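Notes to accompany the following structure.
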Amino acid sequence: MRALQYRRAGAAPEVVGLPDPEPGPGQVLVQVTAAGLCHSDLALMQLPAERLRFPLPLTLGHEAVGTVAALGAGTTGVAVGDSVAVYGAWGCGGCPACAAGRENYCPHARRLGIHAPGLGAPGALAEYLLVDAARHLVPLSGLDPVAAVPLTDAGLTSYHAIRWAMPALVPGSTAVVIGVGGLGHVAIQLLRALTPARIIALDVSAEKLALAEAVGAGEALMSDASSPQGIRDLTGGLGADVVFDFVGTQATGRITVECAAVEARVLNVGLGGGAMAMGFMLVPFGMSAYAPYWGTRGDLTEVIALARAGGLDIRTETYTLDEAPLAYERLEAGKVIGRAVVLPGG
Ligand code: FEH
Ligand code: ZN
Ligand code: ZN
């Protein structure tokens with residue numbers, strides 16, 4: 001099969017030929033229909049070799065949908081031909097967190113050498129993906145695979161974040177979304193679908209601010225040092241009840257704290273390497289902060305059900321496997337509108 005691999009630390013990913021994987025006991029072989037690109041892939045490829053927690057080469061891609069192609073011995077719960085979404089936050093499957101579906105927070109995975117596909121295990125930017133267990137597959141039930149594939153990461157991560165913030169997303173509340181990329185433009189739509197909150201979007205790109213308003217943000221402001229005052233002007237001086245920072249730099253962390261209201265819930269979901277100082281008089285009274293990771297198996301089932309109910313307008317740019325290195329360059333340059341999606345089968 002053909003696959004996009006990150007082969008040497010610091011080198012650009014390249015398309016290579018690999019043997020077709022064979023499913024072992026309990027495993028599922030998925031023919032990949034579509035795989036999304038993520039800033040986490042870029043972050044991974046920018047790490048120095050000594051900080052990688054797995055050997056190279058690595059087939060990239062942790063956001064995937066496809067069709068079940070073959071079952072390993074004893075595998076039940078799916079059938080050849082099923083159209084499926086891949087849950088990528090693979091855990092041990094046996095601990096309390098995994099038993100509750102919160103495999104994204106499995107405390108044993110790293111010690112057991114369990115990695116997510118594309119983040120240590122062979123990933124989905126390939127014609128075939130080996131999935132370690134049928135519980136990590138969710139039926140797509142007729143959803144368009146290209147429009148649906150961002151649900152498995154961008155959508156799942158945003159949905160999981162919103163669910164934590166839900167107690168603060170009440171009538172009359174204000175939610176700020178910093179960064180209108182793959183996650184941000186989906187988060188705006190999920191906030192519209194799930195909450196009564198007013199939505200203010202921030203980004204450094206006028207094109208992405210236009211996208212934010214097109215998908216449901218009430219206001220869209222340029223993201224800079226004046227943003228907190230702009231948000232306070234829009235909220236009678238009170239600030240935002242919830243802030244989703246999908247960028248995660250020092251600058252957006254500062255905007256987050258400076259625009260947060262008393263008792264705000266703030267979330268750092270970005271990989272920009274920024275940090276947020278927490279302490280008395282450093283942040284608004286009663287502010288709580290959360291650094292979520294991906295989402296639960298239940299969250300993925302729910303966000304797919306939400307998509308099936310209609311109303312999500314997930315924007316994608318599609319690329320062939322050979323165009324994937326170019327797509328990563330566009331993602332790095334902030335030029336991708338919505339989510340970049342690769343079609344390994346062409
Ligand atoms: C992957 C690796 C590390 C942090 C965050 C992520 C997300 O892209 C997974 O959704
Ligand atoms: Zn990701
Ligand atoms: Zn576990």
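Please read all numbers here as calculations on a predicted model, not as lab measurements. Excluded from the calculations below are hydrogen atoms, water molecules and symmetry mates; all remaining heavy atoms, backbone and side chain alike, are included. Both ligands and their constituent atoms are indexed starting at 1 by order of listing.
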Margin query: Looking only at side-chain N and O atoms, does D41 offer a donor or acceptor that is under 3.5 Å from a partner on H62?
Written below: yes
Should you measure from each heavy atom of [X], which atoms of ligand 1 turn up under 4.0 Å away?
X	answer
C38	8 (O)
T157	10 (O)
D153	8 (O), 9 (C), 10 (O)
L271	4 (C)

Next item on the list: Give the intermediate values and the outcome of side-chain hydrogen bond (donor to acceptor under 3.5 Å, both in side chains) for residues D322 and T320.
Entry: CA-CA 5 Å; D322 293 303; T320 65; 4.8 Å; no
Check: Should Y293 be counted as touching ligand 1, given the test is an N or O pair under 3.5 Å?
Finding: no
Check: What do we get for H62 next to ligand 1 when only non-hydrogen atoms under 4.0 Å count, side chain, backbone, both or neither?
Finding: side chain
Notebook entry, point to check: Heavy atom under 4.0 Å from ligand 1: found in L119's side chain, backbone, both, or neither?
Noted result: side chain
Next item on the list: Over all heavy atoms of both residues, which pair between I304 and A85 is shortest? Give the atoms and the distance, please.
Entry: CD1-CB, 3.6 Å
Determine whether a donor-acceptor pair (N or O, by modelled atom type, separation under 3.5 Å) exists between the side chain of [X] and the backbone of [Y].
X	Y	result
T316	A147	no
R232	L238	yes
S227	D224	yes

Next item on the list: Could you go through the side-chain hydrogen bond (donor to acceptor under 3.5 Å, both in side chains) check for R163 and H160 one step at a time?
Entry: CA-CA 5 Å; R163 287 201 59 184; H160 182 68; over 6 Å; no
Margin query: Can you check the angle at the Zn ion (ligand 3) formed by SG of C106 and SG of C92? Round it to the nearest 10°.
Written below: 110°
Note to self: How large, to 10°, is the angle at the Zn ion (ligand 3) when you draw lines to SG on C98 and to SG on C95?
What the structure shows: 100°
Next item on the list: Return the name of the atom in D153, of element N, O or S, nearest to the Zn ion (ligand 2).
Entry: OD2
Item checked: hydrophobic_cluster_shared for M287 and Y290, side chain cutoff 4.5 Å -> no
Notebook entry, point to check: How about H108: does one of its N, O or S atoms come closer than 2.8 Å to the Zn ion (ligand 3)?
Noted result: no
Notebook entry, point to check: Which protein non-hydrogen atom lies closest to atom 8 (O) of ligand 1, naming both residue and atom, and how far is it?
Noted result: S40 OG, 2.4 Å
Check: Which angle, to 10 degrees, forms at the Zn ion (ligand 2) with SG of C38 on one side and NE2 of H62 on the other?
Finding: 110°
